[in-house]
Every structure is written in C-alpha cells, then in structure tokens.
Participant: 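First the structure, then my questions, so here it is.
Every number for a ligand or one of its atoms is a count from 1 in the order of the listing. In this text, all values refer to a predicted model and were calculated from it rather than measured experimentally.
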Amino acid sequence: MAEHVDLIYLDYAASTPVDPWVVEAMTALMTADGNYANPSSTHVAGRQSVKFIAHAAGQLAALLNTDPSRLIWTSGATESDNLAILGGAHYRQKRGRHLITMRTEHKAVTDTFAELERQGYSITWLNPEPSGLLDMAKFEEALRDDTQLVSIMHINNETGVIQDIAQIGAICRDRDILFHVDAAQSVGKIPVDLSALPVDMMSMTAHKVYGPKGIGALYIADRAGVHVDPLLFGGGQQRKLRPGTLPAQQIVGFGTAAAIAQSRMLRDLEHLNAMRDRLWSGIQDIPGLSTNGAIGCAFPGILNVSIKDVEGESLLLALEPLCVATGSACNSKNQEPSYVLRALGTSDALAQSAIRFSFGRPTSARDIDIAVDRYRSSVARLRNLAPGGVA
Ligand SMILES: *Cc1c(COP(=O)(O)O)cnc(C)c1O
C-alpha cells in the first residue's frame, strides 16, 4: 500500500493487489491503440477481442483442469453463487424443493438460500463440528428423496477450514443431487482438479487471487441434469445463461491471474505456510488464546484467533496499523459476533474477540514480526485496562 508505508496489510482473504502483469494485460484491451472492440461485434476488431477472451478462458480452464466451454463469466463469486443456487434450484424445482447448505457459508450463499426459503423451498442448515468440518454421517442423515441441490464451500473465508468436497460430491453424485461449491478462497491457491472432483458447479473470483475486482466465473459440469435457469436476460451472450457485453479486459485479467497462480502455486503455498507458522509460534503461548477452526484442517493463508477477556473492537483499534479482519469483512460494520464462529460453537464473547489474519504473496517475515509484537502488546494493555483484568 504505497502511500501508507506504515500500514501492515494482513487481509488478503478480503482482497489482493492486482499483479503488475495482470494490469499490463488488461490495459492492452482498454486503450485506443489496443483491442477495445465489443467482442459481440462481427468485424475484425471484435473477432480479435473474442480471441483474447478465448485465451483467458483457456488459462482459467488449465488451472482447473477442465474445458473452457464449461466456464461462464460473471461479475464475481457473489453473482456466481446466486446463479448456481437460484438458477439450479429453479431448474430442478419440478423434481423437488429441498436444499442443503451449512451455517458457515459466505453471505453470498446464506442470503441466497434465505431468498429461496422465502420462495417456499425447504432448506436444511447444517452446523459444522467444532473443528469447522462437516460430519459426513450428519450430512447423509440430512439427505431426502426430494433433495435437489447441496452447496458447501471449499475454503472457509473466516477460518480457512477446508471441506472435503470430493467426499461430499461423491455422496451427491450417487443420488443425482446438484453439488455447488463456493471456491472463491481456493481457486488459484490450492490445487482444484475439476476433471477428478465430483462437483457440478463451482464459483470463483479474480480479486482474491491477484486479479481485478468485478470479474468471476461459474463452472458448470457437462453432465445430464446439470443446468441453471438464467437470472439475467439480454443479448444472448454465453449461451443465454449470462448475457451482457463480455468485459474483455476483466476476463483477460482473470485469465492472466490464473496462469500466474498456476505457475507459482507450490511456492505461494510454502510461503503462506511459513508466514502462518511464524505468526502462530509468536502468539500461541498467550494465556486464553484459541484458534477458530482447527489449524490442522485449514488453509495456511488464514489464521483466525480469539482471546479471553479482551473486547474485539478495542483490540482491532489497538492493532492499528495492522489491517486485519474481525469476523468477516462483510459483517465487520455491525457489532454482532460472527455467525460463522458461533456456528462452530464459539461463545459470543470469544467470537467478538476474533481476529482473522490472512497472508499473501507480499507478506514478509517483518510484517509478521510486527503483527506478533502488536498483538501481544495490545492484548496485555487491554487486559490491564479492563476492570479486574489480569494478563
Ligand atoms: C470473497 C468471497 C465471495 C464474494 O466474492 P466477490 O467476487 O467479492 O463477489 C464469496 N464467497 C467467498 C467464500 C468469498 O471469500
């Protein structure tokens, strides 16, 4: 963050800086000397835009080991979740109106299911185990003859917990249930092989993986009975599933970000592991500290911790200039404890003290050391201020 040299940004699960190569690729599709034509136009310039989009689709498809024709461009993971869940439920409603999801999903999923509940669908909301993982026996118990769609996320945006989507997907496929995965936190960060995973629909977004905001994709498997009703109507683009002029520069940005992510994924993961371990070993001995979600089943880019006898909002203020999240970025404007942490069985007081640290490519050991220092001193200071508080 160039003009605020003092800020220590540790909120990469909320958004990432755009890679300079991505910016360069995007610029070439915006300016007068570039390929700015409408890809729906049939003239030479329009056809060139189409080629750039096809190349980007190839890059994203290569990252996911799938065919580019399976990808629908959207404005981000929120729209992809809406299209998959609303569109999938509407398409299948004659077969049944029972749907299953978890209480720890992102708002883009939970609010979409809440809308379907208002439309008369029956929703089962599953709680995770205290680790954050879904228990397979409880999942199978929730399945009914009229269950048509299941949506379970891959990496949780608050805790980093990684669900076993291969196992959940296999159970769904056995019963011909549509299986949707919100993979906004995993695509480009951990291996996702759609040729091997029994997943019918997958949501993803560019801005969590060093691409631009405002572009995402929905993968839809090529399988009988897997289809969505569109949410938008217009010019007929993208097989009428998501019409509108394709934002060629955003798409090329996502494609470039996907190619970069693929080329350095193992290196990125090693780095995130080192950063997470450095932070954890710097704070784990503080009395009253606990992790939200089990570290052993979590993505190393996220560490979410709670602390006894410390109030969350005061802690966040004391932690400045660290840019970290309390609960999730999307709820941090209200004081309600995170619904995700409460679903894990965390008490209100502990959930309120939660801080999510998330790491990225630019994170340095120095950033972590400053974070450790700040966290330790802030906790100690706030405990001394609190009535009857002892560190
Ligand atoms: C960020 C995020 C979203 C929303 O993605 P946008 O592209 O910002 O709409 C949805 N689900 C998860 C898990 C996320 O982390």
Participant: Take a 6.0 Å sphere around CD of Glu140 and say whether it holds more than 12 heavy atoms from other residues, nucleotides or ligands.
Facilitator: yes
Participant: Return the residue, atom name and 0.1 Å-rounded distance of the protein heavy atom closest to atom 11 (N) of ligand 1.
Facilitator: Asp182 OD2, 2.6 Å
Participant: Quick one: closest heavy-atom pair of Leu83 and Pro230, and the distance?
Facilitator: CD1-CA, 4.2 Å
Participant: Give the residue and atom name of whichever protein heavy atom lies nearest to atom 1 (C) of ligand 1, and the separation in Å to one decimal.
Facilitator: Lys208 NZ, 1.3 Å
Participant: Can you pull out the closest protein heavy atom to atom 7 (O) of ligand 1? Residue, atom name and distance to 0.1 Å, please.
Facilitator: Thr205 OG1, 2.6 Å
Participant: Residue-level breakdown please: for Met153 versus ligand 1, do any non-hydrogen atoms fall below 4.0 Å on the side chain, on the backbone, on both, or on neither?
Facilitator: side chain
Participant: Taking 4.0 angstrom as the limit and counting only heavy atoms of Gly76, give me the atoms of ligand 1 inside it, by number and element.
Facilitator: 7 (O)
Participant: Is it the case that ligand 1 has an N or O less than 3.5 angstrom from some N or O of Glu79?
Facilitator: no
Participant: Is the closest heavy atom of His207 to ligand 1 under 4.0 Å?
Facilitator: yes
Participant: Between Thr346 (side chain) and Leu341 (backbone), is there a donor-acceptor pair under 3.5 Å?
Facilitator: yes
Participant: Counting from 1, what ligand 1 atoms have a heavy atom of Asn157 closer than 4.0 Å?
Facilitator: 13 (C), 15 (O)
Participant: Is it the case that over 12 heavy atoms from other parts of the model lie below 6.0 angstrom from the CD atom of Glu115?
Facilitator: yes
Participant: Any sub-3.5 Å donor-acceptor pair from Asn127's side-chain atoms to Glu129's backbone N or O?
Facilitator: no
Participant: Is it true that Met102 and Leu149 fall in one hydrophobic cluster, defined by side-chain heavy atoms closer than 4.5 Å?
Facilitator: no
Participant: Give me the nearest non-hydrogen protein atom to atom 5 (O) of ligand 1 as residue plus atom name, then the distance to 0.1 Å.
Facilitator: Ala77 CB, 3.2 Å
Participant: May I ask you to identify, for Thr78, whether its side chain, its backbone, both or neither come under 4.0 Å of ligand 1 on a heavy-atom basis?
Facilitator: both
Participant: Under the criterion salt bridge (charged side-chain N to carboxylate O under 4.0 Å, His left out), which of Asp229, Asp176, Asp146 is the partner of Arg92?
Facilitator: Asp176
